[in-house]
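To start, the structure itself, in structure tokens.
When reading the values below, keep in mind they use all heavy atoms of this one structure, side chains included, and skip hydrogens, waters and symmetry mates. When a residue number appears, it is its place in the shown sequence, counting from 1. Just so you know, ligand 1 is whichever comes first in the structure, and atom 1 is the first atom listed for that ligand.
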Amino acid sequence: MGVLQFLGHSAFYVEGEGIRALIDPFLSGNAMASEGPEARAKLDYIFVTHAHGDHLGDAPAIAKRTGATVVASNELAAYLAGKGLKTIGMHIGGRSKFPFGRVKLTPAFHGSSVSEGGHVVCADVPCGFLLEIGGRKIYHAGDTGLTSEMTLLEAEGVDIALLPIGGHYVMDTDDAVRAVGFIKPRKTVPMHYGTFPQIEANPAEFAAKAAGMTEVVVMKPGDTLPF
Ligand code: NI
Ligand code: MN
């Protein structure tokens with residue numbers, strides 16, 4: 001048995017047998033965040049879907065403070081390793097065993113890069129994560145548009161899908177409903193909406209449209225969901 005906690009935007013804390021982890025910890029500078037970057041004393045992993053500031057966020061500082069290992073695409077992992085962080089670089093479609101279960105990187109249709117001093121120093125490939133913890137599967141889509149690649153996730157038997165619904169940079173509510181049709185997750189948690197004006201969306205509208213396809217769980221920052 002594990003627990004998933006929504007921290008606002010696309011940030012989550014996940015705890016289970018052998019894992020205490022953050023996903024996309026955009027906490028400082030995020031008015032929606034339910035906790036700050038100092039909140040967790042002990043962490044094993046930080047999963048980062050891509051380097052945009054609202055996803056990489058506080059990951060470097062938190063990893064440095066806690067000693068947590070950052071799991072990301074190979075490019076982003078190499079960049080962060082160069083900053084002195086412990087990293088595991090994986091890539092799209094690759095699955096790997098971890099002490100708590102398994103991790104697979106999934107495709108995300110999006111962009112990503114890190115700039116320093118006005119120059120791009122790392123162009124990484126954005127991804128999503130399929131986390132298998134205690135036999136349960138959690139899919140964090142990262143930032144992505146709707147893609148037919150999501151149909152491949154149906155065979156995985158996803159227990160909880162974390163899907164962006166805010167539009168503009170990512171899927172809107174209608175496309176997220178189509179994604180639910182592709183993935184067929186038991187439960188779905190909408191994310192990546194309402195944090196800034198471009199990504200205003202109504203999670204109740206998403207829940208109404210996806211009714212009968214999945215159990216939509218609209219989480220407020222700080223809310224927890226057992227799995
Ligand atoms: Ni992004
Ligand atoms: Mn984003």
Side-chain angles (χ1 to χ4, degrees), residues 4-14 21-37 46-63 70-80 87 89-92 105-116 118-131 138-147 149-150 160-176 179 183 188-203 206 218-221:
L4 183 73
Q5 185 172 21
F6 183 47
L7 307 180
H9 197 58
S10 292
F12 289 83
Y13 174 72
V14 60
L22 289 171
I23 309 172
D24 284 358
F26 168 47
L27 304 174
S28 52
N30 175 6
M32 306 284 285
S34 57
E35 65 182 48
I46 303 174
F47 297 92
V48 180
T49 61
H50 64 296
H52 286 159
D54 58 324
H55 298 263
L56 178 60
D58 300 291
I62 297 172
V70 179
V71 183
S73 74
N74 222 45
E75 291 77 16
L76 182 54
Y79 166 76
L80 295 173
T87 62
M90 296 176 61
H91 239 302
I92 307 296
L105 263 62
T106 60
F109 277 17
H110 196 63
S112 185
S113 63
V114 187
S115 296
E116 286 175 4
H119 298 280
V120 172
V121 294
C122 172
D124 66 297
V125 176
C127 71
F129 289 104
L130 184 66
L131 305 178
I138 298 170
Y139 168 56
H140 187 296
D143 273 0
T144 185
L146 180 69
T147 153
E149 306 297 325
M150 290 170 176
I160 305 174
L162 314 174
L163 301 182
I165 66 162
H168 196 90
Y169 305 106
V170 294
M171 296 188 287
D172 60 12
T173 50
D174 286 334
D175 279 351
I183 303 162
T188 304
V189 177
M191 64 177 184
H192 207 276
Y193 64 91
T195 321
F196 26 85
Q198 296 95 325
I199 58 169
E200 282 305 328
N202 183 357
F206 170 70
V218 177
M219 299 177 79
K220 294 189 296 295

* N/O/S atom of H110 inside 2.8 Å of the Mn ion (ligand 2), strictly under -> no
- Query: Looking only at side chains, do H50 and D124 share a donor and an acceptor under 3.5 Å apart?
  - Reply: no
Among the N/O/S atoms of D143, the Mn ion (ligand 2) lies closest to OD2
inquiry  = For a distance under 2.8 Å, tell me if H55 has an N/O/S atom near the Mn ion (ligand 2).
reply    = yes
- Scan side-chain atoms only and decide if S10 and D24 contain a donor-acceptor pair under the 3.5 Å cut-off. no
| query | Does H110 put an N, O or S atom under 2.8 Å from the Ni ion (ligand 1)? | reply | yes
Looking at D143, the N, O or S atom sitting nearest the Ni ion (ligand 1) is OD2
Taking the six-membered ring for Trp, is the centroid-to-centroid distance between F26 and H55 below 6.0 Å?
no
Parallel, tilted or perpendicular, judged at 30° and 60°: which one describes the rings of F196 and Y169? perpendicular
For the Ni ion (ligand 1), the nearest N/O/S atom on H52 is atom ND1
The angle formed at the Mn ion (ligand 2) by NE2 of H192 and OD2 of D54 is about (to 10 degrees) 90°
For I62 and P25 the tightest heavy-atom approach is CD1-CB, 4.0 Å
Which class fits the ring pair F129 and F47: parallel under 30°, tilted 30 to 60°, perpendicular over 60°? perpendicular
